Amino acid sequence: MGLKIYLDGKFVPEEDAKVSVFDHGFLYGDGVFEGIRAYHNSVFKMKEHVDRLYDSAQVINMKIPLTKEEMTEVILETCRQNELQDCYIRAVVSRGKGDLGLDPRKCSVPTIVCIASSISLYPDELYEKGMEVITVPTRRNGPEGVNPRIKSLNYLNNIMAKIEANMAGVPEAILLNQEGYVAECTGDNIFIVKNGIVKTPAIHIGLLDGVTRNEVIKLAKQMGIEVQETTFTRYDLFVADEVFLTGTAAELIPVTTIDSRVIGDGKPGPVFNRLLSGFRELVKEPGAVIFTETGKKKKKCKK
Ligand code: PMP
């Protein structure tokens with residue numbers, strides 16, 4: 001059975017979930033989105049994702065025609081409509097239908113889409129054995145352009161890097177910023193561990209302020225591990241004791257080779273293992289509840 005998609009105030013079957021060819025999300029990548037996860041009947045870090053969606057929209061000067069509370073309800077109801085309690089959720093807000101020019105003033109109403117679907121994960125083997133990644137020639141676009149903190153529909157920068165990873169036969173690519181500092185991956189943030197200290201690139205390097213990244217930083221601190229949000233280069237990657245990536249879909253995934261250099265002893269490290277178990281516990285904590293005790297009560301979503 002196909003999915004039911006939230007589209008501008010209604011739930012429609014997947015095959016009818018269509019957006020205009022004049023939508024500036026399609027024509028220009030003018031819009032923002034979120035990738036969210038639900039675990040065991042509750043949405044993980046709902047507030048953080050909804051806040052980031054509205055911040056992204058604010059920076060591109062787009063007013064989402066729903067309150068944050070209404071958006072939260074749309075996300076929950078999309079899970080309910082699809083009877084999903086563990087899923088990956090995509091919320092998208094584009095500038096909406098305009099004309100062929102790029103002026104956003106011609107787009108009167110943003111288009112809102114929410115999709116809840118089963119999650120496709122990296123194979124289990126990669127979590128056990130670790131992942132091979134490369135650094136790629138494509139640099140992360142700088143904060144002075146489209147700031148990577150905006151989770152925008154303009155992912156071409158990341159797609160270029162993904163193509164380079166594909167050509168090299170590896171699942172992820174590390175992008176450096178214009179100065180050669182490590183920024184992040186195409187769809188994940190990056191961490192290294194050196195002499196017991198956990199380090200991750202600081203936000204000003206130019207990267208997405210990842211929800212998982214922030215949870216991992218908090219977890220590490222709670223475990224008494226020192227965390228530094230800092231700058232580092234490929235050199236630091238190669239000599240790290242451990243490297244791992246974080247993201248909503250990937251959670252925490254270990255990296256065991258970078259540009260063919262074996263990292264540490266070539267297997268997931270002890271700090272990574274501790275953080276992964278901590279994270280797996282964290283996602284069990286109740287968040288925004290999808291189905292309430294009273295069953296599959298359906299509430300109406302208004303635009
Ligand atoms: N960086 C980029 C470029 C991303 O697209 C993502 C999300 N897939 C991340 C990092 C990880 O962010 P989060 O933990 O919020 O999913």
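For reference, positions follow the sequence shown, starting with 1. Quick caveat, the model's predicted, so the values are computed rather than measured.
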Within the structure provided, determine whether [X] and [Y] are in side-chain contact (heavy-atom separation under 4.5 Å).
X	Y	value
Tyr155	Lys162	no
Ser152	Val146	yes
Arg213	Thr200	yes
Leu175	Val136	yes
Phe11	Glu77	yes
Phe244	Val216	yes
Asp8	Thr111	yes
Phe279	Thr212	yes

Indicate, with yes or no, if [Y] and [X] share a hydrophobic cluster defined by side-chain heavy-atom contacts under 4.5 Å among Ile, Leu, Val, Met, Phe, Trp and Tyr.
X	Y	result
Tyr127	Ile263	yes
Val43	Ile64	yes
Val255	Leu276	no
Phe26	Val32	no
Ile60	Ile112	yes

For a quick test of reading the model, state the closest non-hydrogen atom pair linking [X] to [Y] and the distance between them.
X	Y	value
Leu208	Asn189	O-ND2, 3.0 Å
Ser94	Gly25	CB-CA, 3.8 Å
Leu207	Pro201	CD2-CB, 3.7 Å
Leu3	Ala116	CD2-O, 3.5 Å
Val19	Leu7	CG2-CD1, 4.1 Å
Cys107	Gly96	SG-O, 3.7 Å

Is it true that atom [atom1] of [X] has more than 12 heavy atoms of other residues, nucleotides or ligands lying nearer than 6.0 Å?
X	atom1	answer
Glu125	CD	no
Lys106	NZ	no
Asp265	CG	yes
Tyr88	OH	yes
Gln228	CD	yes
Lys68	NZ	yes

Looking at [X] and [Y], would you say the former's side chain and the latter's main chain have a donor-acceptor pair under 3.5 Å?
X	Y	value
Asp86	His40	yes
Glu132	Ser260	no
Glu14	Gly2	no
Glu34	Ile89	no
Tyr6	Gly9	yes
Asn41	Gln85	no
Arg234	Val182	no
His24	Gly101	yes
Glu226	Val198	no
Glu164	Ala173	no

Passing candidate, side chain to side chain donor-acceptor pair (under 3.5 Å) with Arg140, options Asn158, Thr186, Asn177: Asn158
Reported [atom1]-to-[atom2] distance for the pair [X] and [Y], which is rounded to 0.5 angstrom:
X	Y	atom1	atom2	answer
Asp209	Glu184	CG	CD	10.0 Å
Asn141	Asn154	CG	CG	8.5 Å
Phe44	Glu251	CZ	CD	8.5 Å
Phe291	Leu76	CZ	CG	10.0 Å
Leu121	Leu126	CG	CG	11.0 Å
Ile258	Glu172	CD1	CD	11.5 Å

Pair Arg139, Asn157: side-chain N/O donor-acceptor within cut-off below 3.5 Å: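 Side chains of Arg139 and Asn157: no pair found under 3.5 Å.
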Donor + acceptor pair across side chains of Asp236, Thr233 (<3.5 Å):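 Judged by distance alone, the side chains do pair up.
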Derivation and outcome, side chain to side chain contact (heavy atoms under 4.5 Å, CB included), residues Asp30 and Leu153: CA-CA 6 Å; Asp30 184 357; Leu153 295 181; over 6 Å; no
By side chain to side chain contact (heavy atoms under 4.5 Å, CB included) - contacts of Met223 (at least two apart):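 Once residues adjacent in sequence are excluded, the partners of Met223 under the side chain to side chain contact (heavy atoms under 4.5 Å, CB included) criterion are Leu219, Ile225, Arg274, Leu275.
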Pair Met71-Tyr54, side chain to side chain contact (heavy atoms under 4.5 Å, CB included): steps then yes or no: CA-CA 10 Å; Met71 181 62 78; Tyr54 281 70; 3.3 Å; yes
Positive for side chain to side chain contact (heavy atoms under 4.5 Å, CB included) with Met131, one of Val243, Leu245, Thr256: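 Among Val243, Leu245, Thr256, the one meeting side chain to side chain contact (heavy atoms under 4.5 Å, CB included) with Met131 is Leu245.
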